Amino acid sequence: MNIQKTGFSTKLIHGGEIDDQFGSATVPIYQTSTFSFDSAEDGAKCFSGESDGYIYTRIGNPTISALEGQIALLENGFGAIAVSSGMAAATTIYLGLLSSGDHIVSTDAIYGPSRSVVEKQFVRFGFQATYINTADIEAVKNAIRPNTKMLYIETPANPTMDITNLAACAEIAHKNGILMVVDNTFCSPYLQNPLDFGADIVFHSMTKFINGHADVVAGIIIAKEDAIYAKLRNMMINMGCNMDPHQAYLVLRGIKTLSIRIDRAQENAQKVAWFLENHPKIAWIKYPGLKSHPQFQLAKQQMRGSGAMISFGLKSGFEGAKTLMNNVHLALLAVSLGGVETLIQHPASMTHSKVSVEDKNKAGITDDLIRLSVGIEDFNDIIEDLQQALEKI
Ligand SMILES: *Cc1c(COP(=O)(O)O)cnc(C)c1O
């Protein structure tokens with residue numbers, strides 16, 4: 001069977017298989033730090049690249065390779081590099097592809113640490129960055145400078161749910177010889193494949209939808225072409241932010257149900273979104289599956305579903321948000337997202353607390369914004385939980 005030609009869910013079940021002498025149904029955990037060579041000559045060949053045997057787990061490991069191969073397949077990339085966390089993916093991309101004096105253009109409402117690591121750490125190494133609403137294509141064009149080397153996008157953005165036009169951004173990037181990076185965590189490869197729209201690099205926090213069970217922190221980078229793949233792999237190996245084999249095993253287990261988990265979660269999310277949109281205490285709501293979302297049509301063009309993430313605000317603002325968060329019983333008051341359980345959180349004081357108040361306001365991360373990651377529980381229970389908590393306001 002040619003796995004390349006199979007459907008998405010078949011790739012989830014069989015795309016991570018490796019040769020195993022006992023025919024085991026799942027990928028074994030090669031919990032080893034090092035691999036012995038058959039001879040001195042064999043060892044030398046592995047190091048020179050003449051043979052592709054395993055050497056040392058920071059460089060590569062069969063369990064980790066199985067996951068990398070599977071995700072490269074799901075994202076239509078040349079190759080994938082598994083790393084210890086989503087942030088390890090982001091920093092490997094920044095440090096592997098940028099030099100002192102290079103400029104980044106990026107989405108203002110991105111995952112908080114992806115921005116603060118640049119503004120608070122990498123500026124020391126001479127990185128420059130401009131954060132704008134990349135949903136506004138004119139703003140993207142205007143932000144490009146002669147030294148811009150990277151267009152770093154998150155869509156839907158976290159937590160505003162603004163959607164950036166991937167194809168339009170890829171066109172701008174390539175006209176200007178700039179690399180385009182997309183954080184695809186909110187969609188997972190099931191809902192969106194940025195490489196197909198012209199991106200050069202995609203990454204995921206696999207902590208979220210891909211693993212989906214709130215029991216692993218992990219990340220992965222997918223490159224469209226071999227030269228970029230080689231640069232990033234080299235950076236990962238030397239920085240030492242490799243994945244661990246046991247971590248890879250858990251993700252290989254979690255990913256098998258990615259499509260059915262997201263199908264269920266987004267079906268629930270759509271119902272929750274309709275419920276919230278019609279609730280008298282809600283001031284506004286942003287969900288790509290609602291006609292009221294300003295980019296409802298664009299979402300349909302580049303995403304295969306609306307996802308499970310909802311942002312909304314209450315008429316009673318932050319005070320109301322606190323009451324809501326303190327009174328839900330089913331939803332967990334917790335950061336993270338994309339798991340089987342429903343999570344609720346307040347970005348301004350939690351995930352995006354390190355972003356300055358001024359930049360938060362500019363990016364639309366308002367004090368009243370509540371972020372909901374809808375899980376796969378029975379939707380009646382999720383809605384009842386929100387309903388009774390909203391009554392307390
Ligand atoms: C969680 C997250 C990250 C960071 O991933 P970790 O696995 O927590 O390091 C990056 N981007 C987005 C969109 C995220 O949600």
Side-chain angles (χ1 to χ4, degrees), residues 67 71 75 80-95 104 106-119 121 131 134-135 152-164 166 181-192 194 199 201-222 236 239-244 247-248 250-251 254-255 258 262 265 286 288 303 307-311 332 334-339 341 343-347 350-355 363-365 369 371-375:
L67 179 62
I71 304 232
E75 282 287 17
I81 302 140
V83 288
S84 57
S85 69
M87 279 313 295
T91 54
T92 300
I93 291 167
Y94 290 134
L95 295 174
I104 308 162
S106 186
T107 311
D108 51 9
I110 54 172
Y111 183 69
S114 303
R115 176 172 179 167
S116 56
V117 74
V118 173
E119 293 186 319
Q121 306 287 339
Y131 291 92
T134 50
Y152 179 114
I153 284 161
E154 197 176 303
T155 179
N158 182 3
T160 58
M161 302 306 293
D162 285 329
I163 292 165
T164 294
L166 292 171
V181 177
V182 179
D183 181 340
N184 202 26
T185 300
F186 266 38
C187 285
S188 91
Y190 183 51
L191 298 184
Q192 179 170 278
I201 300 135
V202 171
F203 80 90
H204 293 273
S205 165
M206 299 199 290
T207 315
K208 318 296 168 53
F209 287 101
I210 290 181
N211 179 60
H213 291 75
D215 51 8
V216 179
V217 171
I220 200 156
I221 307 165
I222 308 94
M236 178 281 286
M239 283 213 300
C241 57
N242 61 284
M243 177 170 274
D244 179 83
Q247 208 181 356
L250 286 171
V251 179
I255 200 172
L258 179 67
I262 291 191
K286 282 268 270 304
M303 293 161 66
M309 302 302 298
I310 300 174
S311 284
L332 303 179
V335 300
S336 198
L337 59 104
E341 58 284 299
L343 303 178
I344 192 165
Q345 71 116 345
H346 180 245
M350 296 176 186
T351 45
H352 292 70
S353 59
K354 299 281 187 302
V355 179
I365 307 165
L369 189 155
R371 195 187 75 182
L372 198 61
S373 172
V374 181

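Values below: all heavy atoms of this structure, side chains included; hydrogens, waters and symmetry mates excluded. Remember, it's 1-based here, ligands and their atoms both numbered in the order they're listed. For clarity, every value in this text was computed on a predicted model and none was experimentally measured.
- In terms of protein heavy atoms, atom 15 (O) of ligand 1 is closest to Lys208 NZ, 2.7 Å.
- Ligand 1 places these atoms under 4.0 Å from at least one heavy atom of Glu154: 13 (C).
- Closest protein heavy atom to atom 10 (C) of ligand 1: Tyr111 CD2, 3.4 Å.
- Side-chain contact of Gln345 with Thr351: a donor-acceptor pair under 3.5 Å is present, judged by distance alone.
- Looking at Ile222 and His204, their side chains come closer than 4.5 Å, going by heavy atoms from C-beta outward.
- Looking at Met206 against ligand 1, nothing comes within 4.0 Å, counting heavy atoms.
- Side-chain atoms of Ile163 and Met303, non-hydrogen and from C-beta on, do get closer than 4.5 Å to each other.
- Nearest to atom 12 (C) of ligand 1 by heavy-atom distance, out of Asn211, Thr207, Asp183, is Asp183.
- At a 4.0 Å heavy-atom cut-off, ligand 1 touches Leu337 through the side chain alone.
- A heavy-atom distance below 4.5 Å is not found between the side chains of Met87 and Cys241.
- Under a 4.0 Å criterion applied to the non-hydrogen atoms of Ser85, ligand 1 contributes the atoms 7 (O), 9 (O).
- For ligand 1, the polar-atom distance check against Met87 finds a nitrogen or oxygen pair separated by under 3.5 Å.
- Side-chain contact between Tyr190 and Ile210 is absent, with no heavy atoms from C-beta onward closer than 4.5 Å.
- A 4.5 Å side-chain heavy-atom check between Ile365 and Pro159 finds at least one atom pair inside the cut-off.
- Put simply, the side chain of Asp183 does not reach to within 4.5 Å of the side chain of Ile110, judged on heavy atoms.
- Note: no N/O pair closer than 3.5 Å links Ala88 and ligand 1 by distance alone.
- Nearest protein heavy-atom neighbour of atom 6 (P) of ligand 1: Gly86 N, 3.3 Å.
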